[in-house]
Amino acid sequence: MREPVLLVIAHGSRDPRHAASVHALVRRVRSLRPGLRVETGFLDFNVPSVRGVLESLDAQGVRDVVALPLLLTRAFHAKADIPAVLADAPPRLRIHQADVLGPSPLLLSALERRLYAAGLTPADKSSTGVVLASAGSTDPEAIAVIADIAREWRHTGWRAVRPAFASASLPRTEDAVRELRALGCARVAVAPYVLAPGRLPDRIARGADGADVLADVLGPAPEVARVLLERYDGARVPLAAAASA
């Protein structure tokens with residue numbers, strides 16, 4: 001059996017920075033595993049569409065695909081949108097949907113490295129409060145995951161870590177910044193737990209106006225690329241078993 005094609009499924013955005021960041025991440029994935037075929041499809045706004053990529057793969061004779069949601073939490077897109085698109089794929093394709101990227105210790109490492117690149121140092125941890133700012137969701141499971149990540153990250157030595165959301169949920173980034181100030185943190189930093197630039201990350205940045213440090217989005221961080229490959233490897237095992245059954 002040939003190694004399955006990795007299809008990275010991104011949400012898409014009218015903001016051109018979004019697609020540029022996605023493509024940069026995919027290039028990094030390819031550089032980490034030469035020989036692996038990696039394709040990119042978008043749910044909305046950008047091309048190629050997921051449906052178009054699947055039809056093209058089918059026409060080329062590809063039979064095995066790992067579809068990987070470029071998402072940090074398992075919310076509506078992972079539970080409904082993506083399965084619906086995959087269910088409508090050409091029937092000759094054997095497709096296995098991989099897990100979303102988060103949570104992962106590698107993503108925490110990427111967040112921390114982004115904060116250090118923005119001006120913090122490891123010596124600042126014990127006196128710094130961090131806002132873990134995500135896009136937000138109406139899905140309670142996704143919100144609970146963000147809160148769990150904040151609690152876990154706090155145990156690595158930060159003075160405090162508070163979750164915040166750019167939409168759908170509360171608190172907002174600016175509220176969490178004020179809370180950490182009131183707590184007496186010497187510094188307040190905002191770490192966007194988002195993959196690519198766009199409207200909601202811009203909202204996070206505006207909410208970080210009162211913070212001392214604003215980190216960049218995760219983007220094509222090497223840790224994110226490694227998580228993609230971990231999720232791919234986890235999904236191709238059952239796919240291989242199904243193909244040989």
Side chain of [X], backbone of [Y]: donor and acceptor closer than 3.5 Å?
| X | Y | result |
| --- | --- | --- |
| Arg159 | Cys185 | no |
| Arg172 | Ser169 | yes |
| Arg74 | Val100 | no |
| Asp233 | Glu230 | no |
| Glu141 | Thr73 | no |
| Arg17 | Pro197 | no |
| Ser31 | Arg28 | yes |
| Ser21 | His18 | no |
| Tyr232 | Ala98 | no |
| Arg187 | Ser127 | no |

Heavy-atom side-chain proximity of [X] to [Y] below 4.5 angstrom:
| X | Y | answer |
| --- | --- | --- |
| Val188 | Arg162 | no |
| Leu36 | Leu229 | yes |
| Ile82 | Gln97 | yes |
| Val65 | Pro4 | no |
| Pro103 | Asp148 | no |
| His11 | Leu195 | no |

Shortest non-hydrogen contact from [X] toward [Y]:
| X | Y | answer |
| --- | --- | --- |
| Ala142 | Ala75 | CB-CB, 4.0 Å |
| Ala211 | Val190 | CB-CG2, 3.8 Å |
| Ala215 | Leu115 | CB-CD2, 3.8 Å |
| Leu7 | Thr40 | CD1-C, 4.0 Å |
| Arg113 | Pro222 | NH2-CD, 3.0 Å |
| Ala191 | Val130 | CB-CG1, 4.1 Å |

Check the pair Phe42 / His77 against ring pair (Phe, Tyr, Trp, His ring centres under 6.0 Å), numbers first and verdict last.
-> CA-CA 12 Å; Phe42 295 90; His77 294 304; over 10 Å; no

Qualifying residue for side-chain contact (heavy atoms from CB on, under 4.5 Å) with Ile9, from Leu86, Leu68, Val53 =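 Exactly one option meets the side-chain contact (heavy atoms from CB on, under 4.5 Å) with Ile9, and it is Leu86.
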
Leu111, Val194, Val227 screened by side-chain contact (heavy atoms from CB on, under 4.5 Å) with Leu218, the one that passes |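 The single option meeting the side-chain contact (heavy atoms from CB on, under 4.5 Å) with Leu218 is Leu111.
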
Between Arg203 and Ser167, is any side-chain donor less than 3.5 angstrom from a side-chain acceptor?
->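 Side-chain D/A pair, Arg203 to Ser167: absent.
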
Nearest-0.5 Å distance, [atom1] of residue [X] to [atom2] of residue [Y]:
| X | Y | atom1 | atom2 | value |
| --- | --- | --- | --- | --- |
| Glu55 | Asp88 | CD | CG | 8.5 Å |
| Leu70 | Arg231 | CG | CZ | 12.0 Å |
| Leu180 | Thr128 | CG | OG1 | 10.0 Å |
| Thr138 | Phe165 | OG1 | CZ | 12.0 Å |
| Arg151 | Leu132 | CZ | CG | 11.5 Å |
| Asp44 | Ser13 | CG | OG | 9.5 Å |

Report the C-alpha distance between Val5 and Val38 in whole Å, list the side-chain angles of each, state the deciding distance to 0.1 Å, and finish with yes or no for side-chain contact (heavy atoms from CB on, under 4.5 Å).
-> CA-CA 6 Å; Val5 171; Val38 187; over 6 Å; no

Would a single hydrophobic cluster contain both [Y] and [X], if residues Ile, Leu, Val, Met, Phe, Trp and Tyr are joined by side-chain heavy-atom contacts under 4.5 Å?
| X | Y | answer |
| --- | --- | --- |
| Leu6 | Leu25 | yes |
| Leu108 | Leu101 | yes |
| Ile143 | Leu200 | no |
| Val161 | Val177 | no |
| Trp158 | Ile146 | yes |

Report the C-alpha distance between Arg199 and Asp15 in whole Å, list the side-chain angles of each, state the deciding distance to 0.1 Å, and finish with yes or no for side-chain contact (heavy atoms from CB on, under 4.5 Å).
-> CA-CA 7 Å; Arg199 178 176 58 88; Asp15 189 322; over 6 Å; no

Step-by-step side-chain contact (heavy atoms from CB on, under 4.5 Å) determination, Asp124 to Thr121 | CA-CA 5 Å; Asp124 296 325; Thr121 70; 3.2 Å; yes

Are the charged groups of [X] and [Y] less than 4.0 angstrom apart, N to O?
| X | Y | answer |
| --- | --- | --- |
| Asp58 | Arg63 | yes |
| Arg236 | Asp64 | no |
| Arg114 | Glu112 | no |

Neighbour count above 12 (heavy atom, 6.0 Å) for Asp209 CG =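 Incorrect, the count does not exceed 12.
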
Take atom CZ of Arg30 as the centre, draw a 6.0 Å sphere, and report whether it contains more than 12 heavy atoms from other residues, nucleotides or ligands.
->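 Atom CZ in Arg30 is crowded, with more than 12 foreign heavy atoms closer than 6.0 Å.
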
Verify side-chain contact (heavy atoms from CB on, under 4.5 Å) between Asp175 and Arg178, making sure each step is shown before the conclusion.
-> CA-CA 5 Å; Asp175 300 325; Arg178 283 193 292 268; 2.4 Å; yes

